[in-house]
Amino acid sequence: MGGTLLIKNIPELVTCSGFEAKAGPAMADLGIILNGAVFIEDGIINAVGTTDQLCKEKNAFTGKTIDATGKAVLPGFVDPHTHLVFAGYRPEEFARRLKGDSYLNILGRGGGILSTVQATRKASSERLVHTALERLDVFLSQGVTTVEGKSGYGLDLTTEIKQLAVMKTLNERHPVDIVPTFLGAHAVPEKYRGKTDDYVAYVADTVLPTVAEGNLAEFCDVFCEKNVFSVAQSRQLLEKARAVGLKIKLHADEMSTLGGAELAASLKAVSADHLLRASDQGIQQMARAGVVAVLLPLTAFCLREPYARARHIIDQGCPVALATDLNPGSAFTSSIPLVIALATLYMDMSTEETVTALTLNAAAAVGRAKQIGSIDVGKKADLMLLSFPSYRFLPYYTGANSVQMVIKKGYIAYHNRGKGEEDAC
């Protein structure tokens with residue numbers, strides 16, 4: 001199918017309309033059009049309205065038409081926090097955690113992230129591309145049309161560049177768009193054990209400038225955590241990243257209340273992620289600064305940690321996004337249906353807030369709310385058709401995939417059944 005088509009007879013067209021992150025009660029406004037229709041031209045949304053309106057406007061249209069009778073339509077999901085490019089798996093670590101060992105203790109003994117670093121350094125670029133393409137296929141089948149991807153499994157110049165270069169290749173070879181993030185400060189490598197300040201200086205003075213000069217990343221991230229990178233060290237790196245032209249975000253207050261949320265607010269970061277133990281003051285400051293809170297329920301679930309306080313964060317007026325945190329250690333899963341189930345059943349988020357958190361707010365968390373994340377005229381035609389007539393089936397069909405078809409820039413990029421019903425108005 002080409003990039004020009006009409007989708008009609010949509011029982012619920014969930015537009016999520018907007019061009020910036022929504023906060024507070026606005027997160028529940030999905031901009032639903034009953035018996036809706038969308039007209040796409042050259043991969044861009046050209047018109048949105050009811051089927052009657054668009055069929056009258058496009059009465060001379062002779063191109064492809066998708067009859068969406070019985071199928072709700074939503075914007076494509078955006079996953080704003082993943083570590084999808086890596087080599088090596090860590091099932092033995094998962095087993096140790098089941099017996100009571102902690103994530104940070106394993107990392108402190110040279111396991112965890114450092115174990116993945118060893119495997120990723122050894123892996124060829126071709127191998128990293130191959131495995132990441134398979135992971136992107138899974139994302140696409142669940143309605144995800146854009147993901148953020150982090151480096152951080154190199155912790156040296158060569159491998160960090162290799163991971164980011166792999167993401168560039170993925171962008172050329174797969175329908176899902178990758179937003180590349182440099183995470184050189186993901187952990188302290190063995191070479192710098194006990195010399196964290198020296199490693200921070202190495203990243204700031206050697207790796208960051210190379211990444212920026214090569215235009216390999218859009219964002220810089222730091223794991224701001226007790227016994228990893230302090231608030232002061234994180235600030236140093238993020239300020240340097242901003243100075244060389246990168247937008248900033250950070251892992252904040254995941255394992256301890258360290259002040260990461262406050263740091264994100266003071267720097268006006270695009271997002272602060274995790275936030276399991278963020279302080280009330282930090283959340284309030286983030287809300288005032290317009291920082292998107294990216295919550296990662298799959299990580300809390302897999303680590304058996306308390307979930308981030310989504311209800312409190314939303315009620316404080318801070319925009320909330322949701323992400324999978326796909327990675328080989330703390331959350332080896334890319335299940336969007338499970339994210340939806342946990343958010344609605346255990347994090348006190350409404351279905352409407354959850355949809356906003358996976359679409360418009362997630363797009364804002366990667367700096368793309370003006371291009372994607374909603375079904376608005378002028379945005380990219382990234383959207384999905386469900387197998388059911390309402391978005392309310394997303395949590396109700398618990399932990400299962402409701403997506404039947406995915407449209408990426410006006411093309412059918414995924415279809416999980418036989419031929420759909422297609423005809424002209």
Side-chain angles (χ1 to χ4, degrees), residues 12 14-18 20-32 72 74-81 142-144 252-254 261 271-278 280 282-284 286-287 290-325 331 333-366 369 373-374 384 386 388 390-403:
E12 287 182 358
V14 183
T15 68
C16 298
S17 183
E20 61 183 11
K22 293 181 179 179
M27 283 188 63
D29 181 8
L30 296 183
I32 295 172
L74 292 84
F77 289 139
V78 178
D79 191 332
H81 185 128
Q142 299 175 113
V144 176
D253 301 321
E254 179 184 6
S271 77
D273 303 13
H274 285 293
L275 302 168
L276 275 64
R277 292 174 172 81
D280 290 350
I283 295 302
Q284 292 166 3
M286 283 176 53
V291 180
V292 179
V294 178
L295 309 184
L296 311 169
L298 296 179
T299 311
F301 177 70
C302 292
L303 293 178
R304 295 190 289 192
E305 295 284 348
Y307 296 104
R309 298 180 294 159
R311 181 78 270 137
H312 174 77
I313 296 171
I314 293 171
D315 290 344
Q316 290 299 307
C318 188
V320 166
L322 291 165
T324 63
D325 194 19
T333 171
S334 57
S335 176
I336 295 294
L338 185 53
V339 169
I340 294 169
L342 295 177
T344 52
L345 292 172
Y346 294 103
M347 296 173 70
D348 204 15
M349 293 179 67
S350 70
T351 301
E352 293 76 15
E353 290 166 340
T354 300
V355 170
T356 297
L358 282 166
T359 54
L360 183 62
N361 282 11
V366 293
S374 67
M384 73 180 93
L386 303 185
F388 302 104
S390 173
Y391 71 91
R392 293 180 179 88
F393 280 81
L394 288 167
Y396 171 54
Y397 192 36
T398 310
N401 189 10
S402 300
V403 176

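For Phe393, the ring-ring contact (aromatic ring centres under 6.0 Å, His included) partners two or more places apart in sequence, or in a different chain, are Phe388, Tyr396. Not counting sequence neighbours, Asp29 has no partner by the salt bridge (Lys or Arg N to Asp or Glu O under 4.0 Å) test. For Ser390, the side chain to side chain donor-acceptor pair (under 3.5 Å) partners at least two apart in sequence or on another chain are Glu12. Every residue meeting the side chain to side chain donor-acceptor pair (under 3.5 Å) condition with Ser17, not counting sequence neighbours, appears here in chain and number order: Asp376. Not counting sequence neighbours, the partners of Glu305 by the side chain to side chain donor-acceptor pair (under 3.5 Å) test are Arg277. Listed by chain and number, the residues in a side chain to side chain donor-acceptor pair (under 3.5 Å) with Ser402 amount to none (sequence neighbours excluded). Contacts of Pro75 classified as side-chain contact (heavy atoms from CB on, under 4.5 Å), with partners at least two apart in sequence or in another chain: Cys16, Thr359, Ile375. Residues passing the side-chain contact (heavy atoms from CB on, under 4.5 Å) test with Ala293, sequence neighbours excluded: Leu275, Met286, Leu295, Ile313, Cys318, Val320. Evaluation of the salt bridge (Lys or Arg N to Asp or Glu O under 4.0 Å) rule for Glu353 yields Arg311 as partners, not counting sequence neighbours. Every residue meeting the side-chain contact (heavy atoms from CB on, under 4.5 Å) condition with Ala21, not counting sequence neighbours, appears here in chain and number order: Val292, Pro319, Asn361, Ala364. Residues that satisfy the salt bridge (Lys or Arg N to Asp or Glu O under 4.0 Å) test with Asp348, not counting sequence neighbours, are absent from this structure.
Leu276 has its side chain out of reach of Asp253: every pair of non-hydrogen atoms, C-beta onward, lies at least 4.5 Å apart.
The list of salt bridge (charged side-chain N to carboxylate O under 4.0 Å, His left out) pairs with a residue in residues 294-303, not counting sequence neighbours, is empty.
In this structure, Ala357 and Met349 approach most closely via the heavy-atom pair CB-CE, 4.0 Å. The minimum heavy-atom distance between Tyr391 and Ile32, with the atom names listed, is CE2-CD1, 3.4 Å.
One finds a salt bridge joining Arg309 and Asp280 here, because a Lys/Arg side-chain nitrogen approaches an Asp/Glu carboxylate oxygen to under 4.0 Å.
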